[in-house]
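Let me begin by presenting the structure, written as structure tokens, before commenting on it.
So you know, we letter chains A, B, ... as the sequences are listed, proteins then strands, and number each from 1. If you're wondering where the values come from, they're calculated on a predicted model, not measured in any experiment.
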There are 2 protein chains.
Amino acid sequence: MKQIKTAALPTKPGLKTFAIHADDTRARLLKAAVDVFAEQGYEAATIRQICSRADVNLALVNYHFGDKLELYTEVLRFAMSCAPQPAPGPGLPTGISAEDALRAIIRAMVERVLGNDDESNLRYRLMLHEFVRPTSVTALVVNEVMRPVYDRLREIVGSLLGLPSDHATSRLCTHGVLGQVGHYTRRNPILATLWPEMTMTAEQRELVARHIAESTLAYLGLIRPRSTVAPLMPEDPV
Amino acid sequence: MKQIKTAALPTKPGLKTFAIHADDTRARLLKAAVDVFAEQGYEAATIRQICSRADVNLALVNYHFGDKLELYTEVLRFAMSCAPQPAPGPGLPTGISAEDALRAIIRAMVERVLGNDDESNLRYRLMLHEFVRPTSVTALVVNEVMRPVYDRLREIVGSLLGLPSDHATSRLCTHGVLGQVGHYTRRNPILATLWPEMTMTAEQRELVARHIAESTLAYLGLIRPRSTVAPLMPEDPV
DNA sequence: GACAGAATTAAACATGTGTTTTAATCTACT
DNA sequence: AGTAGATTAAAACACATGTTTAATTCTGTC
């Protein structure tokens, strides 16, 4: 019950034409929200930030999405839906050896996490925030974008081990890879403080990917010395 | 300039004796702050939470510490100051082989991060929050509690490699260990979602520690096959 | 016992947040 | 043109936060 209200005189009377209708502002809002949420995380991001970035009125988030959490859910759904799958189909790759498949997928992960590709980088940053302060949609995100990579890694590792992919050893090796890749993430203060020279240039990314792959292969080959693993000696250590 | 103020009549007139003076409330505040900051992180933690947990008036944080950030800095300084050092002195351990030293330090790290020791666990949780949303004191924390472990790991790895401890390969191996240990942290949604059976029981912690150590040793032994590394074949994979 | 200063208290303050409200404006349709 | 409904806008709202204030209580000292 308010009564007195200063006459709402619009600042820009007819300057902007709203020809494109609501779909446009909804899309702009979504795009801005991806950026802001990726940068700040769910709680630190503010609706005012998002609206300002989208150049849109403050009330429109609630109008179009209901509330902040629904916008966030929509952002995650959107960002995850266009995540590239690690392989077209299930099953082991054909045409290349399992060792090369491992090298390839690790290299792809490193590039995705650390490379300069904006889109997949935003996606990863969104996930990172999920990991440290899980929300109600965290498990969904993990299942959607992490699980395929995880399952494929397990298959490759398992085949190199001659063990089922859900064997504890397969899983330990797989999580070892995930842990190492995740460690080289951007703005990891451990890395920045303890190894300031590691700035994740293209050459360094290549070095990191190769190290992770070869060290994993070394272990796999060692605990299964009868396997067909090729000689693993990498080039002379840099 | 306020004028009217309802007479502040204390709720508990003489019930509580303040015999112990201010040192007590300062200490209680600090202890409560450690818990709350470790659980929530700097920004999510609220002064009201801390004061309520310490059973202390709201204004006393600002009275005793100035503001929230100073309290937080004090908390970190306090928590880090009593962190156990990884080894009494510098230099390589004497009496045991470098391989066993590596196994021991990795096992210690895993226990510290995942074990049920409350104190060191709080410390680790405080650090974790620093890592995802660095504050002005993050570098200090890393240098204080991470650097000693890091340097020692590098020394051990370097000696196993026959390379200087600041060689890129030594560092890559060391960061591989750090990354893997960090990955098995509590409440990691990746782990919880992708491998729900891994609940970090004592046996599982032992398994994880051994896996990290042996896989690292496998790589070290492989790229330096002439080394004195003992046969690394672990017990049959679980 | 009285008094000065430290410590504590309840209340207010200033600010930033997500959300809602009310009115204005645009769009589509007849 | 005119109207109904969707969309946008400015302002207010309700609430939580860190901080400050002014008064009260405690403590040690003369």
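- Regarding B:Y72, its OH atom lies at a distance of 14 Å from the P atom of D:dG18, rounded to whole Å.
- When the nucleotides D:dA12, D:dA10, D:dA6 are ranked by their closest atom to the side chain of A:L58, D:dA12 comes out on top.
- C:dT9 atom P lies 14 Å from atom CG of B:N62, rounded to whole Å.
- The aromatic rings of A:Y72 and A:F37 stand perpendicular to each other, their planes meeting at an angle above 60°, with 30° marking the opposite boundary.
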> So A:L102 and A:T216, side chain to side chain contact (heavy atoms under 4.5 Å, CB included) or not? Walk me through it.
Replying inline: CA-CA 9 Å; A:L102 186 71; A:T216 305; 4.1 Å; yes
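- Note: CD1 (B:I47) to P (C:dC13) measures 19 Å, nearest angstrom.
- In this structure, the NZ atom of B:K68 is 14 Å from the P atom of D:dT20, given to the nearest Å.
- Side-chain contact check for B:T138 and B:E130: at least one donor-acceptor pair (N or O, by modelled atom type) lies under 3.5 Å.
- Classified by interplanar angle (parallel below 30°, tilted 30° to 60°, perpendicular above 60°), the ring pair A:H175/B:W195 is parallel.
- Geometric assessment of A:K31 against the ring of A:F78 yields a negative cation-pi assignment under the 6.0 Å and 45° thresholds.
- Nearest to the side chain of B:A59, among D:dA6, D:dA10, D:dT20, sits D:dT20.
- For A:T25, no side-chain nitrogen or oxygen approaches OP1 or OP2 of D:dT7 to under 4.0 Å.
- Between A:G66 and A:Q49, the one whose closest nucleotide on DNA chain C sits nearer the 5' end is A:Q49.
- In this entry the distance linking CZ of A:F65 with P of C:dT20 reads 16 Å, nearest Å.
- Between B:E70 atom CD and D:dG18 atom P there is a gap of 15 Å when expressed in whole angstrom units.
- Looking at A:Y184 and A:R205, their side chains never come closer than 4.5 Å, going by heavy atoms from C-beta outward.
- The 5' end of DNA chain D is approached more closely, in terms of each residue's nearest nucleotide, by A:V56 than by the other of A:V56 and A:R48.
- For the helix from C:dG1-D:dC30 to C:dT30-D:dA1, the terminal axes (five pairs an end, C1' atoms, rotation from four pairs onto the next four) enclose an angle of 10°, given to 10 degrees.
- As judged by a 4.0 angstrom heavy-atom cut-off over every strand, B:A44 is placed among residues making no nucleic acid contact.
- Note on B:H64: a side-chain N or O is less than 4.0 Å away from OP1 or OP2 of C:dT8.
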>> Would A:R107 and A:E111 count as a salt bridge (Lys or Arg N to Asp or Glu O under 4.0 Å) here? Give the steps.
In response: CA-CA 6 Å; A:R107 189 187 324 248; A:E111 281 304 316; over 6 Å; no
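- Which of D:dG18, C:dA6, C:dT19 sits closest to the side chain of B:Y63 comes down to C:dA6.
- Atom CZ of B:R26 and atom P of C:dA7 are 11 Å apart (whole Å).
- In this structure, A:N57 places its CG atom 9 Å from P of D:dT8, rounding to the nearest Å.
- You'll find that the side chain of A:L60 is closest to D:dT8, out of C:dA10, D:dT19, D:dT8.
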